[in-house]
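Throughout, protein chains are lettered first and strands after them, A, B, ... in sequence-line order, and every chain is numbered starting at 1. These numbers come from the heavy atoms of this one structure, side chains and all, not from hydrogens, waters or symmetry mates.
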Amino acid sequence: MTTKQYNDAVDAFADGLFRFAAKQCNDRSLAKDIVQDAFTRLWMNKENVDFTKVKSYLFTSVNRLVIDYWRKSKRMTGMEAAPQTAGKPDEYSNLKEILDRELQNLPEMQRIVILLRDYESFSYAEIGVITDLSEAQVKVYIYRGRKALKKRLEKMNIVA
Amino acid sequence: MINRQNYEIWFLDFAEGRLSEDQTRALMDFLAENEDLKTEWEEMEWVALPADNSFVFDRKELLKQPTAEDLELTHEDNLLIGHLEGDLSEKETKELNQLLSHSPQLQTDQKIYQATVLKPKLSEKYPAKNELKRKEKKRIPFRLLMQMAAALILLMALVFALRKKDSTKQVIPIVEAPKVETNKEIIPVVKPNQAPAKNEIKEVETIAEIPTKHKTSTTQKHTKSKAVRRELPPVEEVKMPPQEPVVVQVPKSAHQQKRPTIQAPPKPILEPQLPEPKPVIAHTLVNEKPVKLKKESSSPKSNSRRIALNKPKQLIGQVLHKGIRKVTKTESSSTRLSIPEAVVATVGKVTNSATGYKHEKTPTVQKTCIRIGKFKFSRVRRVRR
């Protein structure tokens, strides 16, 4: 991969990676650091990375960095990240905020695959590469995640 | 019907399991009737290879698509999510449309599922994208680099050659010769504290052009001096420090045709009294400041300094020594080297090897040993009495 291709990748994917990381860790400055780390890794391995696969490479890097962050933070707190309790419907002004909040309550892998699917429109196969899962497993996680989100939205009677 | 003309086809079909029960029975009856073919039949049995059941594809589960049961979903939910994800076939899409047309609850469920699709906030962008970008390094092709290096070397060689060529026209002795005429030759004299008048400057002569042999015939002298005069300009100023201007003056007298020699003021020194000069390499004296000869310059009696052309060996030695000191950086008096030592040290510096120099002198023998790296040179010389 050339320097120009690398810079093109920055232009094309930095925003998406930042949004993905920010949704995962709920911390913009941390997300920024994670994206920077991912691009640093890409630059270090630019000779070995095919430009056609650079998007998957970057999202894989960010995903692993986010998981590492989660594992470290769990170790530091000494407890599993407790799922947030469902808030009252009137606390949120619109569906997007509710959905974002409910997304954080999903299991880690369901959240990751749904984010990759909805934010970046990755195929099951691409998500499988990024998350080290089979296509069937990706599908299962996505379907279960959608079902879980639907149940929570149903409870809130927001969508009618 | 099996017979002796087609029984081989029947055998093969039996081996591959393509015969029905009736055909198999007919084959067995045929074999009972024709016992001579039994041997051939028995030989054909081994052709069939048993299946090796040890080979098992262990990734079946990965290839399987999850069913509604696997997903723990109802059939309707599976169709709704499948529609949302674009996983449904045409048949399943038709089925879903039929279900939706009959079930308002399913329509509501479909809306809720559609609401679960996350939409990225595109206005949220990475704040410092330019910090991530890298500048492209322009690499100079190796061939171009080599061409540049070759051009540089040629340029340096050209400059060096030109300087060397110019140096042959530079002047050495700065001479203000007193207008004293000897019987045959004029000896140039250095007068450092007094700048010569321009009208006194007549001609400049290089060291290289000093004849090697002092005593030559008159015709030889004439031809040599003429040759020198053709090369030199008629009048040339010497580029030397202002306090010590250097010029060679050749008198207008009839002795102009004769080779100038060194004269020690105030009394002119006759040619026969001078020691025989030896050939001097001109470029060794290029751009060097006038050499200060302590004994002569410190003489209070004479206001002028005399360049020791009568001692060219010493002069060259001093200049060489000075140049070598610069290379070997042995300026301090404590580490001052003799000329041979300095030369050996310089060779050692250039070749990056260890050197050694030893000189022993006895009343009868002089022994010199030089070591440069792995090479040793030694010379023993008897001292002449």
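With a 4.5 Å cut-off on non-hydrogen atoms, A/R117 touches chain B through its side chain but not through its backbone. Using a 4.5 Å cut-off between heavy atoms, B/D109 contacts chain A through both its backbone and its side chain. Using a 4.5 Å cut-off between heavy atoms, A/R144 contacts chain B through its side chain alone, with no backbone atom that close.
Side-chain contact check for B/Y126 versus A/L17: every heavy-atom pair is 4.5 Å or farther apart. Side-chain contact between A/F20 and B/P120 is absent, with no heavy atoms from C-beta onward closer than 4.5 Å. Proximity of A/K147 to B/Y113: side-chain heavy atoms (C-beta onward) are separated by under 4.5 Å at one or more points. B/D77 places a side-chain heavy atom less than 4.5 Å from the side chain of A/K150. Between A/D15 and B/K129, the closest side-chain pair of non-hydrogen atoms falls below 4.5 Å. For the pair A/Q36 and B/L132, the minimum side-chain heavy-atom distance is below 4.5 Å. Counting heavy atoms from C-beta on, the side chains of A/R146 and B/L80 never come closer than 4.5 Å.
Residue pairs meeting the ring pair (Phe, Tyr, Trp, His ring centres under 6.0 Å) criterion with at least one member in residues 123-155 of chain A: none, sequence neighbours excluded.
Among the residues in residues 83-91 of chain B, those with a non-hydrogen atom closer than 4.5 angstrom to a non-hydrogen atom of chain A are B/L84, B/E85, B/D87. Interface with chain B: from residues 48-55 of chain A, no residue qualifies, criterion being any non-hydrogen pair under 4.5 Å.
Among A/L115, A/L149, A/D11, A/I114, the residue with the largest count of heavy-atom pairs under 4.5 Å with chain B is A/D11. Most heavy-atom pairs under 4.5 Å with chain B: of the set A/G145, A/A22, A/G16, A/A14, this distinction falls to A/A14. When each of B/K125, B/R134, B/E131, B/K133 is scored by its heavy-atom pairs under 4.5 Å with chain A, the top score falls to B/R134.
B/M148 CE: 12 or fewer foreign heavy atoms inside a 6.0 Å radius. Other residues, nucleotides and ligands place no more than 12 heavy atoms under 6.0 Å from the CD1 atom of B/I9.
Here B/T116 contributes atom OG1 and A/L153 contributes atom CG; the two are 7.0 Å apart, rounded to the nearest 0.5 Å. If you take NZ on A/K139 and CD1 on B/I81, they are separated by 10.5 Å, rounding to the nearest 0.5 Å.
Shown here are the salt bridge (charged side-chain N to carboxylate O under 4.0 Å, His left out) partners of B/K121, two or more places apart in sequence or in another chain: there are none.
A/R19 places a side-chain N or O within 3.5 Å of a backbone atom of B/E124 that can act as its donor or acceptor partner.
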